[in-house]
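FYI, the numbering just counts along the sequence from 1. Because the structure is a prediction, the values reported are computed rather than measured.
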Amino acid sequence: LDKVVEIADEAHIRLTFFEPMGSDNYDKYTRVAVRIKIFTTFHDLGIFIGMIESSNRFIRINGIKVSNGIKSNAAEAELIISALVLKVNR
(Lines give C-alpha, C1' and ligand atoms only; values in the text may rest on other atoms or scores of the structure.)
Protein backbone atom coordinates (compact mmCIF):
# COMPACT_ATOMS: atom_id res chain seq x y z
CA LEU A 1 0.00 0.00 0.00
CA ASP A 2 2.92 2.30 -0.66
CA LYS A 3 0.78 3.60 -3.54
CA VAL A 4 -1.64 5.15 -0.98
CA VAL A 5 1.21 7.20 0.52
CA GLU A 6 2.39 8.20 -2.96
CA ILE A 7 -1.12 9.34 -3.95
CA ALA A 8 -1.49 11.25 -0.67
CA ASP A 9 1.72 13.15 -1.45
CA GLU A 10 0.52 13.95 -4.97
CA ALA A 11 -2.82 15.25 -3.61
CA HIS A 12 -1.12 17.39 -0.93
CA ILE A 13 -2.64 15.29 1.87
CA ARG A 14 -1.00 15.18 5.30
CA LEU A 15 -1.08 11.64 6.69
CA THR A 16 -1.29 11.75 10.48
CA PHE A 17 -1.80 8.01 11.13
CA PHE A 18 -1.16 4.79 9.17
CA GLU A 19 -2.05 1.39 10.62
CA PRO A 20 -1.94 -1.97 8.80
CA MET A 21 -5.13 -3.93 9.46
CA GLY A 22 -4.03 -7.38 8.37
CA SER A 23 -4.75 -9.42 5.31
CA ASP A 24 -7.15 -12.00 3.93
CA ASN A 25 -5.76 -14.77 1.73
CA TYR A 26 -7.74 -16.12 -1.18
CA ASP A 27 -6.87 -18.60 -3.91
CA LYS A 28 -5.45 -16.15 -6.47
CA TYR A 29 -4.96 -12.96 -4.46
CA THR A 30 -4.47 -11.44 -1.01
CA ARG A 31 -6.49 -8.50 0.27
CA VAL A 32 -4.53 -6.15 2.52
CA ALA A 33 -6.06 -3.23 4.39
CA VAL A 34 -4.86 -0.13 6.21
CA ARG A 35 -6.51 2.53 8.35
CA ILE A 36 -5.25 6.04 7.78
CA LYS A 37 -6.05 9.43 9.25
CA ILE A 38 -5.48 12.54 7.20
CA PHE A 39 -5.71 16.31 7.56
CA THR A 40 -6.52 18.27 4.43
CA THR A 41 -8.98 20.60 2.71
CA PHE A 42 -12.26 19.25 1.37
CA HIS A 43 -11.08 19.99 -2.17
CA ASP A 44 -7.87 17.98 -1.75
CA LEU A 45 -9.81 15.18 -0.02
CA GLY A 46 -11.97 14.90 -3.14
CA ILE A 47 -8.87 14.82 -5.34
CA PHE A 48 -7.34 12.11 -3.12
CA ILE A 49 -10.47 9.94 -3.25
CA GLY A 50 -10.66 10.33 -7.03
CA MET A 51 -7.01 9.37 -7.44
CA ILE A 52 -7.41 6.29 -5.21
CA GLU A 53 -10.52 5.09 -7.00
CA SER A 54 -9.08 5.65 -10.49
CA SER A 55 -5.66 4.15 -9.73
CA ASN A 56 -4.40 1.42 -12.05
CA ARG A 57 -3.96 -0.73 -8.93
CA PHE A 58 -6.75 -2.72 -7.27
CA ILE A 59 -7.27 -0.17 -4.47
CA ARG A 60 -10.63 0.55 -2.84
CA ILE A 61 -11.91 2.85 -0.11
CA ASN A 62 -13.98 0.65 2.20
CA GLY A 63 -15.00 3.31 4.70
CA ILE A 64 -14.60 6.98 5.51
CA LYS A 65 -15.44 9.26 8.45
CA VAL A 66 -15.00 12.99 8.00
CA SER A 67 -15.10 15.73 10.60
CA ASN A 68 -14.36 19.44 10.38
CA GLY A 69 -14.62 22.77 12.07
CA ILE A 70 -17.91 24.52 11.28
CA LYS A 71 -16.26 27.64 9.85
CA SER A 72 -13.27 25.95 8.28
CA ASN A 73 -12.45 24.35 4.95
CA ALA A 74 -10.13 21.92 6.77
CA ALA A 75 -11.15 18.29 7.16
CA GLU A 76 -9.91 15.47 9.30
CA ALA A 77 -10.77 12.07 7.87
CA GLU A 78 -10.27 8.45 8.79
CA LEU A 79 -10.30 6.00 5.89
CA ILE A 80 -10.16 2.24 5.59
CA ILE A 81 -8.41 1.38 2.33
CA SER A 82 -7.81 -2.09 0.92
CA ALA A 83 -5.80 -3.40 -1.99
CA LEU A 84 -5.80 -6.70 -3.83
CA VAL A 85 -2.43 -8.24 -4.51
CA LEU A 86 -2.39 -10.99 -7.11
CA LYS A 87 -0.44 -14.13 -6.23
CA VAL A 88 2.20 -15.20 -8.71
CA ASN A 89 2.33 -18.90 -9.58
CA ARG A 90 5.79 -20.28 -9.00
How long is the gap from CG on Asn56 to NZ on Lys3, to the nearest 0.5 Å?
-> 5.5 Å
To the nearest 0.5 angstrom, please state how far the CG atom of Asn25 sits from the OG1 atom of Thr30.
-> 4.0 Å
Lys87 to Tyr29 - nearest heavy-atom pair and separation | CE-O, 3.7 Å
Do Ile47 and Phe39 belong together in a cluster built from hydrophobic side chains that touch within less than 4.5 Å?
-> no
For residues Thr16 and Ile38, determine if any side-chain heavy atom of one lies less than 4.5 Å from a side-chain heavy atom of the other.
-> no
Salt bridge (charged side-chain N to carboxylate O under 4.0 Å, His left out) between Glu78 and Arg35, intermediate numbers included | CA-CA 7 Å; Glu78 180 177 321; Arg35 181 169 63 111; 3.4 Å; yes
Interatomic distance, CD@Glu53 vs CD1@Ile59, rounded to 0.5 Å, equals 9.5 Å
Can you get from Val85 to Ile80 by hopping between Ile, Leu, Val, Met, Phe, Trp and Tyr side chains that sit under 4.5 Å apart?
-> no
Kindly work out whether a path of hydrophobic side-chain contacts (I/L/V/M/F/W/Y, heavy atoms less than 4.5 Å apart) joins Val34 to Phe48.
-> yes
Distance in Å, Glu76 CD paired with Lys37 NZ, rounded so as to fall on 0.5 Å steps = 9.0 Å
Does Phe18 share a hydrophobic cluster with Val66, counting links as ILVMFWY side-chain heavy atoms below 4.5 Å and allowing steps through other members?
-> yes
Consider only side-chain N and O atoms of Asn73 and Thr41, and report whether a donor and an acceptor are under 3.5 Å apart.
-> no
Answer yes or no: is there a donor N or O on one side and an acceptor on the other, between the side chain of Lys28 and the main chain of Val88, under 3.5 Å?
-> no
Flag side-chain contact, heavy atom, 4.5 Å: Phe58 against Leu86 | yes
Ile36 CD1 to Ile64 CD1 distance, which is reported to the nearest 0.5 Å = 8.5 Å
Hey, could you give me the CG/CE distance between Asn62 and Met21, rounded to the nearest 0.5 Å?
-> 9.0 Å
Report whether Ile13 and Phe17 are members of the same hydrophobic cluster (ILVMFWY, side-chain heavy atoms less than 4.5 Å apart, transitive linking).
-> no
Short side-chain to backbone donor-acceptor contact, Ser55 and Met51, under 3.5 Å = no
